**Student:** 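Have a look at this one.
Numbered from 1 within each chain, the chains take letters A, B, ... in sequence-line order. Please read these numbers as outputs of a predicted model, since none were measured by experiment.
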Number of protein chains: 2
Amino acid sequence: MNAVTIKDVALAAGVSPATASRVLSGNPATSPAARTRVEAAARELHFLPNAQARSLRSTKTDSIALLISDVRNPYFSDLAHAVEQHARAAGLMTFMGNANESTEQQDEFLATVLSRRVDGMIVVPQGLSEQDGNATEMLRRVVDSGIPMVFVDRTLADIQVPRVIARSREALEEAIAELKSHGHERIAFIGGPKHASTAMERHQAFDAAIAANGLVTAPELHFAGDFRFASGAQGARWFLENPLAPTAVIIADAPMAIGALSVWRERGLNIGTDFSVVSFDEVDALLLHNPPIATISHDLELMGRAAVQALLAVMKNESVAPVELLSTFTPRPSVGPAPDKDVHSEGMPRA
Amino acid sequence: MNAVTIKDVALAAGVSPATASRVLSGNPATSPAARTRVEAAARELHFLPNAQARSLRSTKTDSIALLISDVRNPYFSDLAHAVEQHARAAGLMTFMGNANESTEQQDEFLATVLSRRVDGMIVVPQGLSEQDGNATEMLRRVVDSGIPMVFVDRTLADIQVPRVIARSREALEEAIAELKSHGHERIAFIGGPKHASTAMERHQAFDAAIAANGLVTAPELHFAGDFRFASGAQGARWFLENPLAPTAVIIADAPMAIGALSVWRERGLNIGTDFSVVSFDEVDALLLHNPPIATISHDLELMGRAAVQALLAVMKNESVAPVELLSTFTPRPSVGPAPDKDVHSEGMPRA
DNA sequence: TTGTACGCGTTATCAA
DNA sequence: TTGATAACGCGTACAA
């Protein structure tokens, strides 16, 4: 097992542990002679400082924690990658955790990370769906501990910490304008779960954008999914059976869109001609689809960078204004003319 | 800031810190009276033990580290998810790190994690491509530290630790038999980078499977990619311009396959008729593609579980035999009859 | 059953 | 500039 401590280094270098410590942590109050000898000894013995003991004493760890909602969702893995690269550039190691869309797993990770000490946390928070998306007691406690923390992508209504989020209102207006210009008037929406603020934001922005385009919506045109594949497949069937016969649908994230598209493909439907589709998130499967899917996307590289910058500011006790990034609408052939007689009324095979 | 220590709890409960410690860590040598009072005090004060100090003393952390090659590769995010869920079931918290296909980032993460103490490590190792995929000095040092460690998915030739890997030979034989039954005889291979043992394994298994099917291959039918999107796109062009005019191609991972498919789609080529495609890894984009892509896939849930089991065994000082999981070939319409006059000789637009 | 005292590896303080 | 010493928060041998 490992065992080489700073004492071993000091012994080998013929100095006291204190001097060795000073040399190894870059304290200027060291003589060149001591410096060379200690450094040589450390190299020789492959000394690796024990970060536990170090931060027990100094409370600096040069590391942060990143909690994402779902590692398997490419949206979050892209975000994680961006956060990690920027944190690295700032000299911070990132420990990643996966909430798996579960408050329980979120809480476990946050508590563990808090007790192991990191210098800050970047969190995509999970709310309690039974409580209008408010925070768990554990999350509140972690916030109350005073550890520097920023929210990214999602927020919680009852917790105030600096945040980096996206604003999809304008992009949705563009998307709906595009659909309208193709003759679509009844547009369905497949949304996300209550515990995610992004689901709420996208839903409200959708309603507002519909109104801004002079169209109307109805509760029957809204499907409540959960941001995952299976609920997208359900949403696809719901869409086909919808009595209001919508001619287009906007889907609130990529996993649901992929779930929906696989159902529609199985039924032999043609996107862009039978009906039109716009999805949030820009991922390979949507771009490679035939035809490519129009998307509302976020610059996750930018979002990750902004989150790291915000955290660095919080760690310096600076005040940080909320950051709102604009989503981008990219038209693609999945949006086509609204069909005269829509697919719903024809003799389609149903569930 | 946070500050509630076990002393605070002891004080509030009117006992010594030692007694409080015993109660909180489940030591049976405690009186019921002390127990109730300490527990009440701990709850009241929201006591959260400092894991640093605890493991400085006891060297148990109930956590492991997981290093994957690339968070953005769905193959690894699926693997990460599986590892995390099984570790969690075993009472272990998982800290994830991303090597980003870079030995440097791998080494940073491993060193940090080692110095912060975890009970074990599950690693998808990156080798040095300049050195035939052998280990970096840092990785060797981490291994030498004696920390329980297992490799998953990939290995290194010069490091012996327990491993959970996949064996693709049989699946490749099936895939090639399927291609051959459709009349394909010249089959190209788009492989991975030298620093990944999986690239080597798949390449060798491909050659062996070609021979087992009574076919022949040639260096001109092998393209050296790097497991990422851009090199797949390069490979797609290489395929189209290949003087040997192969009629089918096997691609060694999903990101490269997606890169290749997007090139071919842009050129208006039809997979399954113009030529046939088989890809490693089973991801949404490949299944949603038109036509769906035949795949050679791994049971990542199983791989993750096996890795955790192996690590648990190592942590108990049990000896662990290498685990080899068989890959699965799934035929799909991306494999079709070999064209009489192949696409290469026609007037295709080239690079 | 409980408390005292010590040590884990490191850094901050203080005196030299 | 250096070294001795204390302290970070916790667990545990030892004594009571």
**Student:** Hey, are the side chains of A:Leu114 and A:Ser145 touching, using non-hydrogen atoms and a 4.5 Å cut-off?
**Tutor:**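 Sidechains of A:Ser145 and A:Leu114: in contact.
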
**Student:** Answer with yes or no whether the side chains of B:Gln126 and B:Glu104 bring together a donor and an acceptor at under 3.5 Å.
**Tutor:** no

**Student:** Could you tell me the separation between the CZ atom of A:Arg116 and the P atom of D:dC10, rounded to a whole number of Å?
**Tutor:** 15 Å

**Student:** Within the 3.5 Å criterion, strictly below it, is a donor on B:His81 or A:Asn100 matched to an acceptor on the partner's side chain?
**Tutor:**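 Indeed, the side chains of B:His81 and A:Asn100 share at least one donor-acceptor pair under 3.5 Å.
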
**Student:** Specify the separation, in whole Å, of atom NZ of B:Lys60 and atom P of D:dC10.
**Tutor:**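 Checked: the NZ to P distance equals 18 Å.
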
**Student:** Less than 4.0 angstrom from a charged side-chain N to a carboxylate O is my criterion; do B:Glu39 and B:Arg43 meet it?
**Tutor:** no

**Student:** Go through the N and O atoms of the side chain of B:Arg57 and the base of C:dG7, and report whether any donor-acceptor pair is under 3.5 Å.
**Tutor:** yes

**Student:** For DNA chain C, which residues in residues 18-27 of chain B have a heavy atom at a distance below 4.0 Å?
**Tutor:**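 Here the set is B:Ala18, B:Thr19, B:Arg22.
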
**Student:** Before accepting this row, confirm whether a basic side-chain N of the pair A:Glu108/B:Arg88 lies closer than 4.0 Å to the acidic partner's carboxylate O.
**Tutor:**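 Answer for the salt bridge query: yes.
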
**Student:** Side chain of A:Ser58 only, please: which of C:dT11, C:dG3, C:dT2 is the nearest?
**Tutor:**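 Side chain of A:Ser58 sits closest to C:dT11.
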
**Student:** Nearest heavy atom decides the nucleotide; on that basis, is B:Pro17 or A:Ile6 closer to the 5' end of DNA chain C?
**Tutor:** B:Pro17

**Student:** Between the side chain of A:Thr19 and the main-chain N/O of A:Val15, is any donor-acceptor distance below 3.5 Å?
**Tutor:**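 Checked: no pair found.
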
**Student:** Please list residues of residues 31-42 of chain B whose heavy atoms come under 4.0 Å from any atom in DNA chain C, ordered by number; otherwise none.
**Tutor:** B:Ser31, B:Ala34

**Student:** Salt-bridge test for B:Arg228 and B:Asp70: reply yes if a basic N is under 4.0 Å from a carboxylate O, no otherwise.
**Tutor:** yes

**Student:** Using whole Å, what does the distance between atom C1' of nucleotide D:dC10 and atom CD of B:Gln52 come to?
**Tutor:**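 Answer to the nearest Å: 12 Å.
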
**Student:** Tell me whether the OP1 or OP2 atom of D:dG9 has a side-chain N or O from B:Thr5 closer than 4.0 Å.
**Tutor:**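 Indeed not, no polar side-chain atom of B:Thr5 lies that close.
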
**Student:** I would like to know whether B:His86 and B:Gln309 meet side-chain hydrogen bond (donor to acceptor under 3.5 Å, both in side chains); could you show each step before the answer?
**Tutor:** CA-CA 9 Å; B:His86 287 286; B:Gln309 283 175 344; over 6 Å; no

**Student:** Tell me the interatomic distance from A:Arg54, atom CZ, to C:dC8, atom C1', rounded to whole angstroms.
**Tutor:**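 The distance from CZ of A:Arg54 to C1' of C:dC8 comes to 16 Å, rounded to the nearest Å.
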
**Student:** Between the side chains of A:Ser77 and A:Arg72, is a donor N or O closer than 3.5 angstrom to an acceptor N or O?
**Tutor:** no

